[in-house]
Amino acid sequence: MSTLATTAAGTLRMRIPYRELPPPTTIIPATATTLPGAVAALKSFLTTPPPSGLPNRTVILTGAGLSVASGLADYRGVNGTYRVNKDYKPIFHHEFLNSHETRQRYWARSYIGWRGLGRAGPNPGHYAIRDLGDLLTKRYSGDRNNKGITGVITQNVDSFHKMSHPDIQTVELHGTLASVVCTSCRNQFPRDEYQTTLARLNPIWADFLREALASGALETEDIEERNKKGIKMNPDGDVDLAEAPYTTFRYPACPSCLKEPPRLADGTKTWVEIDKDGAWIPSSTAGVLKPAVIMFGESISAEVKDEAEKAIDNAGRMLILGTSLATYSAWRLAQRAKLRGMPIAIVSIGGVRREEMFFEDLDPKMAGPHGVRVEMATEQLLPALVEELKTSFSGSPVPNTFSTSTSSPFCILSTTSRKVLILTSAWREKAAKKMMIKKVAGFHSVDFGIFVWLMESSPNRKNLGTNDFQNDTLATLGTITSGAPLARRIEVENEARRTVEGT
């Protein structure tokens with residue numbers, strides 16, 4: 001989450017990467033500058049089969065921008081901490097481990113900020129992910145290779161994804177603030193219980209918190225108003241209090257280590273000491289509790305890395321939401337998707353780290369199905385996308401083969417003299433041989449995986465009348481090709497109509 005830099009004196013210090021966002025990029029496709037245009041682009045992206053060999057499934061990677069609508073601060077957004085609080089410096093992992101005073105500062109600020117984080121919850125963007133998963137899964141219910149959204153990888157530590165869509169697997173790349181973890185025994189405990197203990201150990205701070213809540217200082221989203229009341233809200237529940245006496249703050253010891261102090265790897269015994277109220281004493285050599293998050297300078301566990309990589313490898317496209325990918329732990333996952341040949345869509349306000357790499361080889365004609373870049377608020381765009389897909393998917397589900405019977409891999413649309421066969425690319429050669437087609441005319445489009453053929457005969461298949469084709473069947477044709485760009489769908493429908501009607 002951070003990088004090392006060398007000072008003039010030759011010593012190493014930690015550096016936060018990309019405190020300023022890169023410049024914004026070109027919107028892709030060009031029509032995605034408006035809400036309808038962005039919805040159309042993402043609809044095409046999510047419903048167009050990925051390149052050959054990749055599963056028709058989606059993995060989502062999210063960042064702090066997704067939770068801004070929940071009232072939480074982000075780092076690099078328009079009103080992000082790095083922009084409005086130039087002096088902000090997060091606590092690094094090694095500082096937390098090595099300094100009692102640093103831990104006092106962290107827990108005092110977090111104690112005040114937890115109330116706001118605890119009261120916040122998922123916003124429409126989070127619930128839209130749930131709905132997208134449901135829609136895509138039901139839509140392609142006959143396709144064993146399509147499970148809609150196979151997983152969400154999030155950099156956020158607010159646990160809103162698990163709250164809003166428990167049925168979709170969530171990999172919390174940077175952990176969660178909902179728990180605290182012992183740095184010695186690794187046992188975890190609920191943060192709510194820890195908050196109660198902090199209040200008991202620090203009655204003066206508890207009084208201050210009640211006063212802050214009464215004044216509305218922790219409720220308002222007006223940055224200037226909060227600053228007037230001496231409070232600066234930072235990401236992850238951190239509250240900067242001007243001239244606060246952090247050195248008086250007390251925090252509890254790990255109850256497991258207090259009961260049975262662990263031994264170090266070399267067998268050395270440790271001990272945990274507390275004062276009369278149960279607060280950890282600096283003479284202790286174990287039992288320090290930290291938030292169950294990956295702090296700046298801390299490494300992500302191998303298990304979490306493996307989970308994130310598996311989520312990507314099991315998908316065929318990646319949707320990135322509300323993140324600048326400034327941290328390498330997130331950027332490398334997007335890079336992994338790119339190297340696998342997965343189409344990538346990015347919805348984020350402001351620039352993204354090396355984003356040109358994700359779209360540099362994208363054919364402009366394929367923008368939408370195989371690549372999207374949008375600058376728009378997720379809490380507005382994602383619900384609108386859900387509503388569009390609900391309307392588009394209002395007909396019967398599309399199975400993995402388009403057929404007039406459960407045993408047939410195709411759907412025949414015909415008049416008494418000429419026929420149109422709509423067929424997925426996977427069945428092209430098989431169906432052609434099976435039906436012994438003597439003459440094939442027309443065209444096919446690999447960009448959205450649908451083939452339209454003219455046939456002289458269609459043995460043992462249901463013939464549909466002209467009126468059927470002009471009404472219900474045209475709607476079926478539009479549904480089948482819904483993954484294609486609008487202009488392409490219109491072209492296909494017009495060509496089919498002219499062919500069948502003989503015009």
Side-chain angles (χ1 to χ4, degrees), residues 38-39 41-51 54-63 65-67 122-156 158-173 304 306-323 325 330 333-334 336-338 340-348 358 368-372 374 378-379 381-393 397-400 482-483:
V39 166
L42 287 177
K43 175 184 175 183
S44 176
F45 176 81
L46 291 173
T47 57
T48 300
L54 292 174
N56 192 14
R57 299 190 287 261
T58 304
V59 63
I60 297 179
L61 174 61
T62 72
L66 184 66
S67 293
N123 65 62
H126 295 95
Y127 291 114
I129 292 174
R130 174 200 63 191
D131 296 339
L132 286 173
D134 290 343
L135 283 168
L136 293 172
T137 298
K138 292 176 182 177
R139 176 62 172 171
Y140 299 100
S141 58
D143 188 349
R144 290 177 297 177
N145 292 321
N146 188 306
K147 292 181 174 60
I149 296 173
T150 58
V152 172
I153 306 169
T154 184
Q155 302 167 76
N156 300 340
D158 50 38
S159 296
F160 291 166
H161 282 294
K162 289 187 174 181
M163 296 179 195
S164 57
H165 50 77
D167 293 334
I168 299 177
Q169 180 189 16
T170 297
V171 179
E172 293 179 318
L173 196 63
V304 172
D306 288 344
E307 284 185 43
E309 290 173 358
K310 287 178 181 178
I312 292 171
D313 295 345
N314 287 331
R317 65 176 72 84
M318 173 178 274
L319 175 59
I320 300 173
L321 303 172
T323 174
L325 298 179
L333 294 175
R336 185 183 186 91
K338 176 66 176 178
R340 291 189 70 242
M342 294 166 58
I344 292 176
I346 299 177
V347 180
S348 191
F358 302 117
H370 288 173
V372 176
V374 175
T378 53
E379 71 272 15
L381 176 56
L382 296 183
L385 174 61
V386 168
E387 292 306 311
E388 170 61 24
L389 290 178
K390 283 181 179 179
T391 301
S392 178
F393 294 173
V398 175
N400 60 329
S482 63

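Taking CG of Leu333 as the reference point, atom CD of Glu309 lies at 7.0 Å (rounded to 0.5 Å). Going from atom CG of Leu66 over to atom CD of Glu379 covers 8.5 Å, rounded to the nearest 0.5 Å. Between the CD1 atom in Ile168 and the CD1 atom in Ile149 there is a gap of 4.5 Å [rounded to 0.5 Å]. For the atom pair Leu135 CG and Glu387 CD, the distance stands at 9.0 Å (nearest 0.5 Å).
Listed here is the closest heavy atom pair of Leu173 and Ala308: CD1-CB, 4.2 Å. Closest non-hydrogen pair, Leu46 versus Leu132, comes out as CD1-CD2, 4.4 Å. Contact detail for Pro49 and His370: the closest heavy-atom pair is O-NE2, 4.0 Å. Of all heavy-atom pairs spanning Val374 and Ala38, the tightest one is CG1-CB, 3.9 Å. Nearest heavy atom pair, residue Ala334 against residue Ile320, reads CB-CD1, 4.0 Å. When every heavy atom of Ala345 is checked against every heavy atom of Leu42, the shortest pair comes out as CB-CD2, 4.0 Å.
Using a 3.5 Å distance cut-off with no hydrogens or angles, the side chains of Ser67 and Asp158 do pair a donor with an acceptor. The closest side-chain donor-acceptor pair between Ser348 and Thr323, if any, does not fall under 3.5 angstrom.
Contact check for Pro50 versus Met342: no side-chain heavy atoms found under the 4.5 Å cut-off. Looking at heavy atoms from C-beta onward, Ile312 lies out of side-chain contact with Leu61 at the 4.5 angstrom threshold. Side-chain contact check for Thr47 versus Phe393: some heavy-atom pair is nearer than 4.5 Å. A 4.5 Å side-chain heavy-atom check between Leu321 and Leu382 finds at least one atom pair inside the cut-off. Taking the side chain as every heavy atom from C-beta outward, Val59 and Asn314 never approach each other to under 4.5 Å.
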Next on the checklist: Assess the residue pair Lys310 and Glu307 against the criterion (salt bridge (charged side-chain N to carboxylate O under 4.0 Å, His left out)); give the C-alpha distance rounded to whole Å, side-chain angles, the decisive distance to 0.1 Å, and a yes or no.
Outcome noted: CA-CA 5 Å; Lys310 287 178 181 178; Glu307 284 185 43; over 6 Å; no
Item to check | Thr150 and Gln169: CA distance, side-chain angles, deciding distance, side-chain contact (heavy atoms from CB on, under 4.5 Å) verdict | outcome: CA-CA 7 Å; Thr150 58; Gln169 180 189 16; over 6 Å; no
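Listed by chain and number, the residues in a ring-ring contact (aromatic ring centres under 6.0 Å, His included) with His161 are His126, His165 (sequence neighbours excluded). For Thr58, the side-chain hydrogen bond (donor to acceptor under 3.5 Å, both in side chains) partners two or more places apart in sequence, or in a different chain, are Arg317. The side chain to side chain contact (heavy atoms under 4.5 Å, CB included) check on Ala330 picks up Gln155, Leu325, Thr327, with sequence neighbours excluded. For Ala41, the side chain to side chain contact (heavy atoms under 4.5 Å, CB included) partners at least two apart in sequence or on another chain are Pro29, Ala32, Val372. Residues satisfying the side chain to side chain contact (heavy atoms under 4.5 Å, CB included) criterion with Asp313, sequence neighbours excluded, are Arg336, Arg340. Contacts of Lys338 classified as side chain to side chain contact (heavy atoms under 4.5 Å, CB included), with partners at least two apart in sequence or in another chain: Ile344, Met357, Phe358, Asp361. With sequence neighbours left out, the side-chain hydrogen bond (donor to acceptor under 3.5 Å, both in side chains) criterion links Ser164 to no other residue.
Side chain of Asp131 to backbone of Pro383: no donor-acceptor contact under 3.5 angstrom is found. Checking side-chain atoms of Thr170 against main-chain N and O of Pro166 turns up no donor-acceptor pair under 3.5 Å.
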